[in-house]
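Let me begin by presenting the structure, written as structure tokens, before commenting on it.
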Amino acid sequence: MRSRTRLCLATLVLCLAGPALAPTALADGIPTVEPRVETPALFDDAAGGNANGDDPAIWVHPTRSGKSVVMTTAKEGGLYAYDLGGRQLQHVPAPAAPGEDDEPGRFNNVDLVYGLRLSDGVRTDLAVVSDRGRDQIRFYAVDKNRAGRGRAPLTDLTDPAVPFVFNTGQEQVNDARTAYGLATWQDGTGTYVLVSQRHRTRVALLKLTATAHGKVGYRLVRTLDLPGSFRLPNRTTWTPCLEPGELPQVEGMVVDGERDVLYAAQEDVGIWRMRADLTGTPTLVDKVREYGRPGVYDPETEECAPGADPGYGGRHLSADAEGLTIYHGDGGDGYLLASGQGDNTFTVYDRDDNDYVGRFRIGAGNGLDGVEHSDGSMVVNVPLGRFDRGLLVTHDGENTPGALDENGEARENTNFKFVGWGDVADELDLDVDTDGWNPRD
């Protein structure tokens with residue numbers, strides 16, 4: 001995810017405006033849905049605890065759907081838990097830096113595991129978090145008896161001895177090529193976490209382990225490296241334009257658990273489909289529009305000046321390709337959703353054959369602003385409280401109204417929007433299968 005600070009500063013009037021000035025549907029025929037709920041603003045500065053929203057996960061309560069919990073990452077701000085009305089239930093700070101010159105914890109992505117058996121035989125649900133600052137995975141038990149308004153449902157179960165995911169020492173960790181995107185996967189052989197590496201093309205498969213005293217750890221199973229450069233139809237080789245030393249990274253990931261398939265969004269390239277165990281050959285199922293377009297990096301602006309577009313890209317998804325989530329329908333039907341940061345749209349694909357289905361935006365409505373520069377998202381088909389046809393939660397990378405700091409500068413402002421799946425389905429003529437696959441199945 002690229003920083004949007006310069007964009008916000010360049011459009012200060014819009015950033016500080018109320019919902020009436022937030023972007024709405026453009027004259028391009030793309031359907032627009034409205035959010036029903038939003039979480040409180042998060043501010044990425046010292047006063048706000050350096051909280052910068054990124055990725056949500058929706059935990060489904062086993063017996064009382066209205067007590068389900070939305071958990072979100074906020075980088076150095078840690079992990080937040082909200083009820084279905086967007087009210088904060090709990091804030092879990094990220095770990096402090098181990099040394100004066102070391103990186104502090106920085107929570108990037110979150111996903112869920114249901115019913116993991118601990119060392120004492122007790123089964124528990126877990127929020128699983130990639131700690132980008134510490135290059136580790138962290139685990140938080142979700143207590144169904146404390147999942148309600150005003151109560152804190154999360155307890156840290158991370159084994160203190162968990163290893164680094166991609167690095168061998170703290171000096172390497174400080175270089176920030178660390179755990180980034182994350183998705184969980186369970187099959188008959190165990191419970192796993194798939195983790196991508198920041199500024200690299202690598203994806204790792206980790207197997208969760210129940211350790212002493214009811215804690216949770218992991219061990220590395222294998223890694224897979226996606227391509228960093230690509231052969232184009234004109235027989236030239238294209239490498240996405242990035243900062244020196246960077247490779248095209250993956251962040252958004254999701255596992256189709258019924259098919260044991262991992263989808264991974266390589267931000268400047270497109271969406272890959274591969275076996276969740278990282279064996280076999282990945283397939284690029286869609287490309288971003290910018291695929292194949294040359295660029296020259298300018299160190300002064302820290303941006304890439306794009307060259308002429310040769311026309312080898314896709315037609316639907318705009319870089320960065322970001323948050324991936326699956327809407328599970330009955331009998332294996334459903335949809336794969338992807339966030340396109342470049343044009344603030346969400347692209348919908350058929351879950352079975354990955355054919356393009358449609359696109360939509362989340363615009364201003366119900367007294368709330370729309371969604372821009374979205375990173376992570378999650379959708380569930382289960383009726384949850386007022387969201388009786390399912391719920392989509394997505395990061396909003398430019399929340400309004402904005403705010404100014406003590407120096408009169410715009411504060412980077414993010415939050416999360418809750419959208420009824422039925423509203424999306426109505427606009428795009430999609431299925432609503434509330435009797436389909438449940439995440440607890």
Side-chain angles (χ1 to χ4, degrees), residues 1-4 44 52-57 71-76 79 106-111 128-138 165-166 176-185 193-206 223-228 240 242-243 246-255 262-274 276 278 282 284-288 290-291 317-326 336-342 344-347 371-379 393-397 414 416:
M1 188 276 289
R2 308 217 197 313
S3 171
R4 303 296 169 183
D44 189 14
N52 186 348
D54 195 297
D55 190 46
M71 286 156 280
T72 70
T73 56
K75 308 283 189 0
E76 287 184 38
L79 185 68
R106 188 175 175 88
F107 288 180
N108 209 68
N109 280 191
V110 58
D111 204 351
V128 183
V129 178
S130 58
D131 186 343
R132 164 179 154 189
R134 302 291 301 120
D135 192 33
Q136 294 173 332
I137 307 301
R138 302 196 64 82
V165 177
F166 294 105
R177 293 175 181 173
T178 49
Y180 202 54
L182 174 145
T184 61
W185 172 48
V193 178
L194 291 128
V195 190
S196 65
Q197 185 177 14
R198 185 170 182 255
H199 293 165
R200 287 293 176 264
T201 67
R202 179 160 292 183
V203 179
L205 178 68
L206 311 176
T223 62
L224 179 148
D225 292 330
L226 292 169
L242 298 164
E243 292 188 22
E246 293 184 10
L247 297 176
Q249 66 189 11
V250 166
E251 183 174 10
M253 296 194 295
V254 67
V255 172
L262 169 68
Y263 293 97
Q266 195 171 14
E267 294 177 350
D268 297 280
V269 178
I271 300 173
W272 293 92
R273 174 177 174 146
M274 66 197 80
L278 302 186
L284 192 60
V285 298
D286 198 12
K287 305 180 184 73
V288 296
E290 299 80 0
Y291 179 92
L317 187 62
S318 291
D320 292 352
E322 286 284 351
L324 299 181
T325 184
I326 293 175
L336 171 70
L337 280 64
S339 168
Q341 281 190 338
N344 303 321
T345 64
F346 295 83
T347 303
V371 168
E372 298 175 279
H373 318 308
S374 179
D375 275 341
S377 60
M378 184 173 183
V379 64
V393 177
T394 185
H395 163 254
D396 178 10
T414 59
F416 294 83

How long is the straight-line distance from [atom2] of [Y] back to [atom1] of [X], given to the nearest 0.5 Å?
{"X": "Leu182", "Y": "Asp55", "atom1": "CG", "atom2": "CG", "answer": "8.0 Å"}
{"X": "Leu226", "Y": "Arg200", "atom1": "CG", "atom2": "CZ", "answer": "13.5 Å"}
{"X": "Thr223", "Y": "Leu205", "atom1": "OG1", "atom2": "CG", "answer": "10.0 Å"}
{"X": "Arg177", "Y": "Gln197", "atom1": "CZ", "atom2": "CD", "answer": "8.0 Å"}

#### Entry: Contacts of Phe107 that satisfy ring-ring contact (aromatic ring centres under 6.0 Å, His included) - sequence neighbours left out
none
### Task
Kindly write out the residues that satisfy ring-ring contact (aromatic ring centres under 6.0 Å, His included) with Tyr291, not counting sequence neighbours, or none if the list is empty.
Phe230, Trp238
Whether [X] side chain and [Y] backbone form a donor-acceptor pair below 3.5 Å:
{"X": "Asp135", "Y": "Val165", "result": "yes"}
{"X": "Asp131", "Y": "Arg106", "result": "yes"}
{"X": "Thr414", "Y": "Gly397", "result": "no"}

Can you tell if the side chain of [X] reaches within under 4.5 Å of the side chain of [Y], non-hydrogen atoms only?
{"X": "Ser318", "Y": "Thr345", "answer": "no"}
{"X": "Trp272", "Y": "Gln266", "answer": "yes"}
{"X": "Glu322", "Y": "His373", "answer": "no"}
{"X": "Pro56", "Y": "Thr394", "answer": "no"}
{"X": "Val203", "Y": "Met274", "answer": "no"}
{"X": "Val193", "Y": "Asp111", "answer": "no"}
{"X": "Leu278", "Y": "Leu194", "answer": "yes"}

### Query
With a cut-off of 6.0 Å (strictly less than), are more than 12 heavy atoms of other residues, nucleotides or ligands near CZ of Arg198?
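Above 12, so yes.
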### Message
Please determine whether side chain to side chain contact (heavy atoms under 4.5 Å, CB included) holds for the pair Asp320 and Asp268, giving the CA-CA distance in whole Å, both sets of side-chain angles, and the decisive distance to 0.1 Å.
### Response
CA-CA 6 Å; Asp320 292 352; Asp268 297 280; 3.7 Å; yes
Nearest atoms (heavy-atom pairs only) where [X] meets [Y]:
{"X": "Asp54", "Y": "His395", "value": "O-CB, 3.3 Å"}
{"X": "Met378", "Y": "Thr325", "value": "CA-OG1, 3.3 Å"}
{"X": "Val195", "Y": "Phe166", "value": "O-CZ, 3.5 Å"}
{"X": "Gly181", "Y": "Asn108", "value": "N-ND2, 4.3 Å"}
{"X": "Met253", "Y": "Val250", "value": "CG-CG1, 3.7 Å"}
{"X": "Asp396", "Y": "Glu372", "value": "OD1-N, 3.1 Å"}

### Check: Ser377/Ser339 side-chain N/O donor and acceptor closer than 3.5 Å
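Distance-only check fails for Ser377 and Ser339.
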### Query
Any side-chain donor-acceptor pair under 3.5 Å between Asp375 and Gln341?
yes
#### Entry: Residues Trp185, Leu262; criterion side chain to side chain contact (heavy atoms under 4.5 Å, CB included); working and verdict
CA-CA 9 Å; Trp185 172 48; Leu262 169 68; over 6 Å; no
